[in-house]
Amino acid sequence: MQNLTDIRFVRELLARHGFTFSKALGQNFLINPTVCPQMAQACGADGQGVLEIGPGVGVLTAQLARRARKVVSLELDQRLLPVLSETLARFDNIEILHQDILRADLHTLLQEHFAGMEVSVCANLPYYITSPVIMRLLEEHLPLRAITVMVQKEAAERLCAPVGSREAGAVTVAVQYYARAERLFGVSRGSFLPAPKVDSEVIRLTVREQPAVTVEDERKFFRMVKAAFGQRRKTALNAISAGMQLPKQAVAEALHQAGLAENVRAETLCMEELAALCQSLPD
Ligand code: SAM
């Protein structure tokens, strides 16, 4: 019986397929036997559809398939396809697609593969694309219930920081506008083959039915957030004025209208204050 968390088995499997790890594709495969069952449990896969990103040798995919009605997994590295055909042969509810998560047509993919199912995402993300993947999944308003992903510990801290705290950045605001963010558990670097230089953490983003705050113009809101957090040493007034190319006087008036001090910094503002400020800014 194959054991995808047995380091000797995995090494032998990969050697037999002539596979060598690609750093550029963020290939660090999980070999800690407790992590994948915990992730599969936490993502709420039971009886539902699951979209996985980057199956590697299928260690998490197998755990998901045991619980989910259907798993669709997108793998960019063609060399892993024959490996996955071997390791996942006993499952009839998994589809592996040779696709790039950043380019795939996700609306069509979800419609075609998960008709009538609720869908969650679960993945040990390739770290070089953590933020773009998460933002793509959220910004496209896909019909997803939750996104449970392993990310670098520092990314987990940032993504799940309370908006209005020093750790929060533009990506924190963007993620929490669309989802409720929770840190679930830590995963040490020794849990991977090969071991990365950093520790990891599993987080869960539960997609909100409505965004956290109401803003008239989402694009303007995110432009403002990017500008406000882009130059962290500046006040929100200076950062927004420079980043959005608005006269300082106009930004000062908007701060005043939103009931905020002129010398306030973006990282002290909560979601409602950011929304109010956006509302008061000229278009
Ligand atoms: N899920 C496996 C595990 O936990 O052991 C592998 C995780 S490994 C951190 C990331 C995986 O994502 C690799 O299999 C890699 O080839 C794949 N990958 C990298 N970039 C990708 C992309 N743009 N689209 C889809 N898969 C990608």
Side-chain angles (χ1 to χ4, degrees), residues 2-7 9-11 13-14 17-43 45 50-66 68 71-88 91 94-106 109-110 113 120-137 140 147-153 155-156 184-203:
Q2 63 180 18
N3 178 352
L4 296 175
T5 56
D6 176 342
I7 194 163
F9 176 84
V10 176
R11 278 194 202 282
L13 170 79
L14 294 176
H17 283 270
F19 178 88
T20 49
F21 291 95
S22 159
K23 243 187 180 176
L25 289 180
Q27 291 176 340
N28 301 95
F29 296 167
L30 269 164
I31 43 145
N32 177 330
T34 63
V35 176
C36 292
Q38 266 182 288
M39 281 185 80
Q41 188 68 38
C43 82
V50 179
L51 176 67
E52 190 198 8
I53 299 149
V57 297
V59 63
L60 175 59
T61 326
Q63 291 298 328
L64 293 169
R66 286 178 170 197
V71 180
V72 174
S73 194
L74 269 53
E75 176 54 63
L76 178 59
D77 189 344
Q78 189 157 22
R79 300 171 307 153
L80 287 167
L81 303 188
V83 179
L84 289 160
S85 301
E86 181 180 327
T87 58
L88 302 175
F91 294 98
I94 300 177
E95 268 190 71
I96 305 290
L97 305 178
H98 179 219
Q99 288 199 37
D100 181 341
I101 182 62
L102 294 177
R103 289 167 184 259
D105 175 351
L106 294 175
L109 190 150
L110 293 182
H113 292 273
S120 296
V121 171
C122 190
N124 170 13
L125 283 181
Y127 292 164
Y128 74 107
I129 47 172
T130 299
S131 292
V133 169
I134 291 177
M135 287 322 301
R136 178 154 195 227
L137 294 172
E140 289 197 15
I147 299 167
T148 304
V149 282
M150 173 125 49
V151 299
Q152 274 188 23
K153 188 166 177 249
L184 297 185
F185 56 91
V187 180
S188 68
R189 60 194 76 186
S191 301
F192 301 89
L193 176 72
K197 289 197 176 74
V198 291
D199 292 321
S200 300
E201 214 167 289
V202 176
I203 63 169

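We count ligands from 1, going down the list as the structure has it; atoms in each ligand are counted the same way. In this text the structure is predicted, and so the values were computed from the model without any measurement.
Under 4.0 Å from ligand 1, not a single heavy atom of Leu102 appears. With a heavy-atom cut-off of 4.0 Å, Tyr127 does not touch ligand 1 at all. Here Gln99 has backbone heavy atoms under 4.0 Å from ligand 1, and that is the only part of it that gets that close. Under 4.0 Å from ligand 1, the heavy atoms of Pro55 that appear belong solely to its backbone.
Nearest non-hydrogen protein atom to atom 20 (N) of ligand 1 is Tyr128 OH, 2.8 Å. In terms of protein heavy atoms, atom 3 (C) of ligand 1 is closest to Asn124 ND2, 3.5 Å. Annotation: atom 14 (O) of ligand 1 to nearest protein heavy atom, Glu75 OE1, 2.7 Å. For atom 6 (C) of ligand 1, the nearest protein heavy atom (residue, atom name, distance) is Gly54 O, 3.4 Å. At the shortest separation from atom 5 (O) of ligand 1 among protein heavy atoms lies Leu30 N, 2.8 Å. Summary of contacts: the protein heavy atom closest to atom 24 (N) of ligand 1 is Ile101 N, 3.1 Å. The nearest protein atom to atom 27 (C) of ligand 1, hydrogens excluded, is given as Leu76 CB, 3.7 Å; this is a heavy-atom distance. Among protein heavy atoms, atom 18 (N) of ligand 1 sits closest to Pro126 CG, 3.8 Å.
Residue-ligand proximity, Asn28 to ligand 1, at heavy-atom distances under 4.0 Å covers atoms 7 (C), 8 (S), 9 (C). Interface of Gln27 with ligand 1, defined as ligand atoms under 4.0 Å from a residue heavy atom, comprises 13 (C), 15 (C), 16 (O). Less than 4.0 angstrom separates some heavy atom of Asp77 from each of these atoms of ligand 1: 16 (O). Of all atoms in ligand 1, numbered sequentially from 1 with element shown, those under 4.0 Å from a heavy atom of Asp100 are 22 (C), 23 (N), 24 (N). Atoms of ligand 1 found under 4.0 Å from any heavy atom of Leu74 (numbered from 1 in listed order, with element): 25 (C), 26 (N). The contact set between ligand 1 and Gly26, taken as ligand atoms under 4.0 Å from a residue heavy atom, comprises 8 (S), 9 (C), 10 (C).
Between Phe21 and Leu14 the shortest side-chain heavy-atom distance falls below 4.5 Å. Under the 4.5 Å side-chain criterion, counting only non-hydrogen atoms from C-beta, Phe192 is not in contact with Asn32. Looking at Val35 and Phe185, their side chains come closer than 4.5 Å, going by heavy atoms from C-beta outward. Residues Pro55 and Leu60 have side chains not in contact (no heavy-atom distance under 4.5 Å, counting atoms from C-beta outward). A 4.5 Å side-chain heavy-atom check between Arg79 and Ser22 finds at least one atom pair inside the cut-off.
Within the structure, ligand 1 lacks Phe192 among the residues with a heavy atom less than 4.0 angstrom away. The closest approach between any non-hydrogen atom of Ile129 and ligand 1 is below 4.0 Å. Contact annotation: Leu25 has at least one heavy atom less than 4.0 Å from an atom of ligand 1. Using a 4.0 angstrom heavy-atom cutoff, Glu52 counts as in contact with ligand 1.
No more than 12 heavy-atom neighbours from other residues, nucleotides or ligands sit within 6.0 angstrom of CZ on Arg11.
The shortest heavy-atom contact between Leu30 and Met150 is CD1-CE, 3.6 Å. Taking every heavy atom of both residues into account, Ala65 and Phe91 meet most closely at CB-CD2, 3.6 Å.
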Inset, instruction - Applying side-chain contact (heavy atoms from CB on, under 4.5 Å), run through Phe19 and Asp77 and close with a yes or a no. - result: CA-CA 11 Å; Phe19 178 88; Asp77 189 344; 3.7 Å; yes

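The side chain to side chain donor-acceptor pair (under 3.5 Å) with Ser73 is formed by just one residue from the set Glu52, Gln99, Glu95; it is Glu52. Shown are Ile96, Asp100, Leu109; of these, the side-chain contact (heavy atoms from CB on, under 4.5 Å) with Leu74 is made only by Leu109.
One distance of note links CD of Glu75 with NE2 of His98; it measures 7.5 Å at 0.5 Å rounding. Between Ile53 atom CD1 and Ile101 atom CD1 the span is 4.0 Å, to the nearest 0.5 Å.
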